[in-house]
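In what follows, a structure is listed as structure tokens, so that the remarks can point back to it.
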Amino acid sequence: MFQSFHGEKYGYPFQRSEMETEHYRRLHQFEHEDQTYYILHRQHDPTDDVYLFRMDQDQLTEIHDVTEWENVANYIDDQYFQKLL
């Protein structure tokens, strides 16, 4: 089930490159298939875009596997729409 973290500060760094670190704020956290996932918002992002990361050994990890991405996105849709019904 989703945990919400509204009001949390931008305390999740993601090392994009040696010279670039982005900071994110956790909006939601959930478990799916024995993995922890975070829905995050990037600091200084003028849009309402959110980003999905997997947490591996206390480090944010981008999801590159298309199948994993689709499975998690479907899970999010199912969980979100269940709350609306």
Side-chain angles (χ1 to χ4, degrees):
M1 193 53 73
F2 286 84
Q3 287 181 282
S4 294
F5 297 89
H6 299 289
E8 189 169 77
K9 301 205 181 296
Y10 289 89
Y12 291 87
F14 178 74
Q15 193 76 31
R16 179 80 41 206
S17 68
E18 285 185 29
M19 301 295 290
E20 182 182 7
T21 300
E22 298 171 335
H23 293 276
Y24 291 83
R25 177 171 53 100
R26 178 172 52 172
L27 302 175
H28 300 283
Q29 174 182 331
F30 61 96
E31 301 286 326
H32 178 63
E33 297 183 357
D34 297 323
Q35 294 287 330
T36 301
Y37 294 93
Y38 284 8
I39 298 173
L40 305 172
H41 181 262
R42 186 173 51 214
Q43 188 174 23
H44 307 301
D45 190 339
T47 68
D48 289 334
D49 291 346
V50 295
Y51 300 87
L52 178 65
F53 286 90
R54 181 178 59 240
M55 184 59 80
D56 285 331
Q57 300 176 358
D58 296 328
Q59 187 171 8
L60 294 177
T61 304
E62 289 182 301
I63 301 170
H64 296 285
D65 181 270
V66 174
T67 302
E68 178 184 7
W69 179 266
E70 289 174 351
N71 286 337
V72 174
N74 288 333
Y75 175 78
I76 292 168
D77 285 345
D78 290 345
Q79 292 299 309
Y80 177 74
F81 289 116
Q82 283 182 12
K83 286 184 176 184
L84 293 178
L85 299 177

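- Side-chain contact between Thr21 and Arg16 is absent, with no heavy atoms from C-beta onward closer than 4.5 Å.
- Checking Tyr24 against Glu22 by side-chain atom types alone, a donor-acceptor pair falls below 3.5 Å.
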Report the C-alpha separation of Met55 and Leu60 in whole Å, then their side-chain angles, then the decisive distance to 0.1 Å, and conclude whether the side-chain contact (heavy atoms from CB on, under 4.5 Å) test is met. CA-CA 5 Å; Met55 184 59 80; Leu60 294 177; 3.7 Å; yes

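- With Tyr37 as reference, Glu68 is the one residue of Arg54, His28, Glu68, His32 to meet the side chain to side chain donor-acceptor pair (under 3.5 Å) rule.
- Here the NE2 atom belonging to His23 is positioned 12.5 Å from the CZ atom belonging to Arg42, to the nearest 0.5 angstrom.
- The line from CZ of Arg25 to CD of Glu8 is 8.5 Å long, rounded to the nearest 0.5 Å.
- For the side chain to side chain donor-acceptor pair (under 3.5 Å) with Tyr10, the lone residue among His41, His44, Gln43 that qualifies is His41.
- Ile63 and Ile76 fall within a single hydrophobic cluster, where Ile, Leu, Val, Met, Phe, Trp and Tyr are joined by side-chain heavy atoms under 4.5 Å apart, directly or via other members.
- The two residues Phe14 and Glu62 have their closest heavy-atom pair at CZ-CG, 3.5 Å.
- Under a hydrophobic clustering in which Ile, Leu, Val, Met, Phe, Trp and Tyr are joined whenever their side-chain heavy atoms come within less than 4.5 Å, directly or via other members, Phe5 and Leu27 fall into different clusters.
- A single hydrophobic cluster is seen to contain both Val50 and Phe30, as judged by linkage of ILVMFWY side chains at heavy-atom distances under 4.5 Å, directly or through other members.
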Stepwise, does the side-chain contact (heavy atoms from CB on, under 4.5 Å) test hold for Phe53 with Tyr12? CA-CA 11 Å; Phe53 286 90; Tyr12 291 87; over 6 Å; no

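- Using a 4.5 Å heavy-atom threshold, the side chains of Asp56 and Gln35 count as touching.
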